[in-house]
Amino acid sequence: MLIGELATRTGVSARLLRYYESQGLLRVRRDINGYRVYDEDAVTRVRQIKALLGAGLSTEQIRVVLPCASGENPRLDLCPELRELLEGQLRAVDDRIEQLRRNRLALEGLAGEVRV
DNA sequence: ATTCTCACA
DNA sequence: TGTGAGGA
């Protein structure tokens, strides 16, 4: 399939699909006219990328763990390496939440009444 | 009609 | 990440 079809089937713009490719997240062939040609599993690939991106992973992190990720659905099969990364990410997010909590409290103290 | 690359009031 | 230019 061409980029337009993959875009409509994944809900990811052609622009972004080209960006994913430039970041080494998507491998794609070209035909003689230079058009990108994707195979069926590209749809799955993009879904996995979206899921990982949505979890806050950087394209660099995704690039290294994507090869050990498999699975059709929006569900992702995690190889141990990927699991570790995600767990670390989870801890990092918790730390950030805590830090923001402190920032919020400090802000309240400085600004007085703060409506949220 | 689609896609490609490059670049940015 | 959108958008437009200039080609194929």
Side-chain angles (χ1 to χ4, degrees):
Chain A
M1 76 187 93
L2 296 182
I3 198 170
E5 186 183 340
L6 182 60
T8 61
R9 285 175 59 178
T10 60
V12 172
S13 69
R15 173 79 163 78
L16 220 34
L17 289 175
R18 297 193 187 96
Y19 177 67
Y20 290 169
E21 179 187 348
S22 75
Q23 295 306 292
L25 271 31
L26 225 41
R27 197 177 76 240
V28 55
R29 330 170 266 128
R30 304 288 189 122
D31 69 357
I32 53 269
N33 57 35
Y35 285 13
R36 271 164 267 249
V37 179
Y38 302 87
D39 28 29
E40 285 308 308
D41 59 313
V43 176
T44 297
R45 230 55 304 237
V46 174
R47 287 193 183 131
Q48 298 174 329
I49 293 171
K50 285 181 68 177
L52 262 8
L53 240 22
L57 297 196
S58 67
T59 54
E60 297 70 47
Q61 297 175 307
I62 296 176
R63 188 186 310 138
V64 304
V65 299
L66 202 53
C68 81
S70 58
E72 254 308 331
N73 330 326
R75 206 64 200 161
L76 214 51
D77 290 334
L78 316 170
C79 67
E81 191 173 40
L82 179 51
R83 264 215 155 71
E84 284 179 42
L85 180 77
L86 294 184
E87 280 169 14
Q89 195 69 17
L90 193 54
R91 277 189 45 190
V93 170
D94 284 339
D95 289 347
R96 285 168 52 203
I97 289 175
E98 275 315 303
Q99 184 56 57
L100 287 175
R101 243 190 247 299
R102 297 177 193 294
N103 289 158
R104 213 203 86 96
L105 284 176
L107 233 26
E108 261 185 22
L110 293 172
E113 295 296 303
V114 177
R115 73 285 188 197
V116 181

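All values below come from the heavy atoms of this structure, side chains included, with hydrogens, waters and symmetry mates left out. If you're wondering where the values come from, they're calculated on a predicted model, not measured in any experiment. Labels below follow one simple rule: chain letters A, B, ... track the order of the sequence lines, proteins then strands, and each chain is numbered from 1.
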Problem set entry | Verdict with reasoning, Leu66(A) to Arg45(A), per side chain to side chain contact (heavy atoms under 4.5 Å, CB included) | CA-CA 8 Å; Leu66(A) 202 53; Arg45(A) 230 55 304 237; 3.8 Å; yes
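- Side-chain contact check for Gln99(A) versus Asn103(A): some heavy-atom pair is nearer than 4.5 Å.
- Rounded to the nearest Å, the gap between the C1' atom of dT2(B) and that of dG6(C) is 15 Å.
- Within a 6.0 Å sphere centred on CZ of Arg30(A), other residues, nucleotides and ligands contribute more than 12 heavy atoms.
- Residues of residues 3-21 of chain A that place a heavy atom closer than 4.0 Å to DNA chain C, in numerical order, are Ser13(A), Arg15(A), Leu16(A).
- Annotation: side chain of Leu6(A) is not in contact with side chain of Val12(A) (no heavy-atom distance under 4.5 Å).
- Under the salt bridge (Lys or Arg N to Asp or Glu O under 4.0 Å) criterion, Arg9(A) pairs with Glu5(A), Glu40(A), not counting sequence neighbours.
- Side-chain contact between Leu17(A) and Arg36(A) is absent, with no heavy-atom pair separated by less than 4.5 Å.
- Residue Arg83(A) holds its CZ atom at 12.5 Å from CG of Leu90(A), rounded to the nearest 0.5 Å.
- Across residues 22-36 of chain A, Tyr35(A) each have a non-hydrogen atom less than 4.0 Å from an atom of DNA chain C (numbered order).
- Distance check, rounded to the nearest 0.5 Å: OG1 of Thr59(A) to CD1 of Ile49(A) gives 10.0 Å.
- Under a hydrophobic clustering in which Ile, Leu, Val, Met, Phe, Trp and Tyr are joined whenever their side-chain heavy atoms come within less than 4.5 Å, directly or via other members, Val64(A) and Ile62(A) fall into the same cluster.
- Grouping the Ile, Leu, Val, Met, Phe, Trp and Tyr side chains by contacts below 4.5 angstrom, directly or via other members, places Leu85(A) apart from Val93(A).
- Residues Val46(A) and Tyr38(A) are not in side-chain contact: their nearest non-hydrogen atoms beyond the backbone lie 4.5 Å or more apart.
- Linking ILVMFWY residues whenever their side-chain heavy atoms come closer than 4.5 Å, directly or via other members, leaves Leu26(A) and Tyr35(A) in distinct clusters.
- The nucleotide range of DNA chain C contacted by chain A, defined by atoms under 4.0 angstrom from heavy atoms of the protein and reported 5' to 3', is dT1(C) to dA8(C).
- When DNA chain B is scanned 5' to 3' for any atom under 4.0 Å from a heavy atom of chain A, the first and last hits are dT2(B) to dA7(B).
- Under a 4.0 Å N-O distance rule, the pair Arg101(A)/Glu98(A) qualifies as a salt bridge.
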For this session: Toss me the dot-bracket line for DNA chain C: Watson-Crick and G-U wobble, both under 3.5 Å, 5' to 3', using | for pairs to another strand and [ ] for crossers.
Result: .|||||.|
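- Of the possible donor and acceptor atoms, one in the side chain of Arg63(A) sits under 3.5 Å from a partner among the backbone N and O of Gln23(A).
- No side-chain donor-acceptor contact under 3.5 Å links Lys50(A) to the backbone of Gly11(A).
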